[in-house]
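Reading through the structure tokens given below for one structure.
In what follows, chains are A, B, ... by sequence order, proteins preceding strands, each numbered from 1.
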Number of protein chains: 2
Amino acid sequence: MDIEQTKIPQATAKRLPLYYRFLNNLHSQGKLRVSSKELSEAVKVDSATIRRDFSYFGALGKKGYGYNVEYLLSFFRKTLDQDETTKVALVGVGNLGTAFLNYNFTKNNNTRIEIAFDADQKRVGTEVGGVQVEHVDDLEEKINDTAVAILTVPSSEAQPMTDRLVKAGVSAILNFTPARITVPPHVRVHHIDLSIELQALVYFLKHYPLEEEQEG
Amino acid sequence: MDIEQTKIPQATAKRLPLYYRFLNNLHSQGKLRVSSKELSEAVKVDSATIRRDFSYFGALGKKGYGYNVEYLLSFFRKTLDQDETTKVALVGVGNLGTAFLNYNFTKNNNTRIEIAFDADQKRVGTEVGGVQVEHVDDLEEKINDTAVAILTVPSSEAQPMTDRLVKAGVSAILNFTPARITVPPHVRVHHIDLSIELQALVYFLKHYPLEEEQEG
DNA sequence: AGCAGTTTGTGAAAACATTAACGACTTCCT
DNA sequence: AGGAAGTCGTTAATGTTTTCACAAACTGCT
């Protein structure tokens, strides 16, 4: 069942949710068809790359016509498991955690933050973005079968909290702390490091000149 | 002056701030030397990749010894222009914007958020994370020579605000909105799309199995 | 029906990135 | 001083991703 899927390049897989979202936009605008060129302009991905990406799933388009929005959408819905919602836990209801909780994830999305944890007694028992905040001491007890965790704690807490999450059975962690956490090989970690993203942007700005600004 | 620099692969450039941060940690721990193997374990990057990355800047290490932490650090400081602080503006002081403002960027960092803008009169005039919040109507007037902007506005505002920022002379934008913004060719944009990161993680979790969990 | 115009899907090439492997050199122990 | 152990810097091999470019096939106009 996953035989074909495994072959999809990671770079492609990362773009799928992006495509999915824009197709949804088009669909709600009542658009019936779309070409790789149009889509390219909207998502800022080369049109050949888009066609290549789609082609991993078979021949989804029609020559001389483009792609049928509804068909493509229903195809992606299946592929991205949009029907089956993945439960997510969030640990650390600071500013960043709150931002996540308030984010409108339910729209066009296969993930839902089911529960949040924080160490601050003032936050426990409140509801943020429709999600109940529990005390972090109850993590093991209340996290149940949640497979994915978003880690938005202070970096000193990152590794201890990771260890607890792993013990509690979490199999993927989205780590927003600057700490590079250590996990067993069966646990998947993605790092999003805001400080590094900003520094990298500055580095590119200074060292990788783009086209000159056009005067007039 | 940039002749050599231009050849550094983008993938390497993205890792430089990460290396820099960990070297700082080591230095403040009083460590004098470090090997690519040790560093590899700390930052979770293959040691051969680390050696390759460093080698773009010349021979920074010593065979049989490793790298001198202080020397490496002073080298990176120059390379990453740590002495020269880049001014950053933040637009949209919501949860995510607030998270950024409260982030301790000044430590080990070549970037500083100098000014923030928001449309909400209640926030204007306050100080968040030591940064003054101005009304977004005054953006053009007060943004001055700021080169980089962090965009944390609602996605409906993304393109209009981008157009204003570009007109005001900003040359790089870190875009946290789900909108894919359009800019002239001389402006650099990096997208960080929280919803997509989460969806991609879930997709990898389901379709790219890692090593099986070890029982016992 | 026929033809000009459009757009896909993909083979082949190019560009980019990671990893293995090892010679050369350094350290440090005895 | 000599040799075992350690580590870099780099060549070559491998893997991944993007892009080009075009035949094939469809659309839609007249």
Quiz item: B:S36 near the nucleic acid: base, sugar-phosphate alone, or nothing, with a heavy-atom cut-off under 4.0 Å?
Solution: sugar-phosphate
Quiz prompt | A:Q10 or B:V34, whichever maps to the more 5' nucleotide of DNA chain D | solution = B:V34
Quiz prompt | Atom pair distance, as rounded to whole Å: CG in B:L39 and C1' in D:dG6 | solution = 16 Å
Self-check item: Nearest-nucleotide pick for A:R51, side chain only, options being D:dG9, D:dA21, D:dT7
Solution: D:dA21
Quiz item: Within a reach of under 6.0 Å around CD of A:E70, are more than 12 heavy atoms found that belong to other residues, nucleotides or ligands?
Solution: no
Quiz item: Hey, does the side chain of B:K37 come within less than 4.0 Å of D:dG6's phosphate (OP1/OP2), counting only N and O?
Solution: no
Quiz item: To the nearest Å, how far apart are B:F57 CZ and D:dC8 C1'?
Solution: 17 Å
Quiz item: For A:I50 and C:dG9, what is the distance between atoms CD1 and C1' respectively, to the nearest whole Å?
Solution: 14 Å
Quiz item: Nearest to the side chain of B:K63 - D:dG6, C:dA20, D:dT11?
Solution: D:dG6
Quiz item: Will you find, in the side chains of B:D53 and B:T12, an N or O donor that is under 3.5 Å from an N or O acceptor?
Solution: yes
Practice problem: Please evaluate the base of C:dT18 for a donor-acceptor partner in the side chain of B:R52 within a cut-off of under 3.5 Å? | Solution: no
Quiz item: Would you say C:dT18 has OP1 or OP2 under 4.0 Å from some side-chain N or O of B:T49?
Solution: no
Quiz item: Between A:F54 (CZ) and D:dT18 (P), how many Å, whole number?
Solution: 14 Å
Quiz item: Could you give the CG-to-P distance, from B:L60 to D:dG9, as a whole number of Å?
Solution: 7 Å
Quiz item: Ignoring hydrogens and geometry, is there a side-chain-to-backbone donor-acceptor pair from B:E197 to B:I192 under 3.5 Å?
Solution: no
Self-check item: Length of the CG-C1' vector between B:N68 and D:dC8, whole Å
Solution: 14 Å
Quiz item: Of the nucleotides C:dA17, C:dA20, D:dC8, which one has an atom closest to the side chain of B:P9?
Solution: C:dA17
Practice problem: Would you kindly say whether A:T146 and A:N144 are connected by a side-chain donor-acceptor distance under 3.5 Å? | Solution: no
Quiz item: Among D:dT27, C:dA20, C:dT8, which nucleotide sits nearest the side chain of A:R33?
Solution: D:dT27
Self-check item: Nearest-nucleotide pick for B:A11, side chain only, options being C:dA17, D:dT27, D:dC8
Solution: C:dA17
Self-check item: Side-chain donor-acceptor contact under 3.5 Å, B:R51 with B:S36
Solution: yes
Quiz prompt | Residue-phosphate contact under 4.0 Å: A:Y67 side-chain N/O, C:dG9 OP1/OP2 | solution = yes
Quiz item: Given atom CG of A:D53 and atom P of C:dT10, what is their separation to the nearest angstrom?
Solution: 13 Å
Self-check item: Distance in angstrom units between A:D46 CG and C:dA14 C1', rounded
Solution: 14 Å
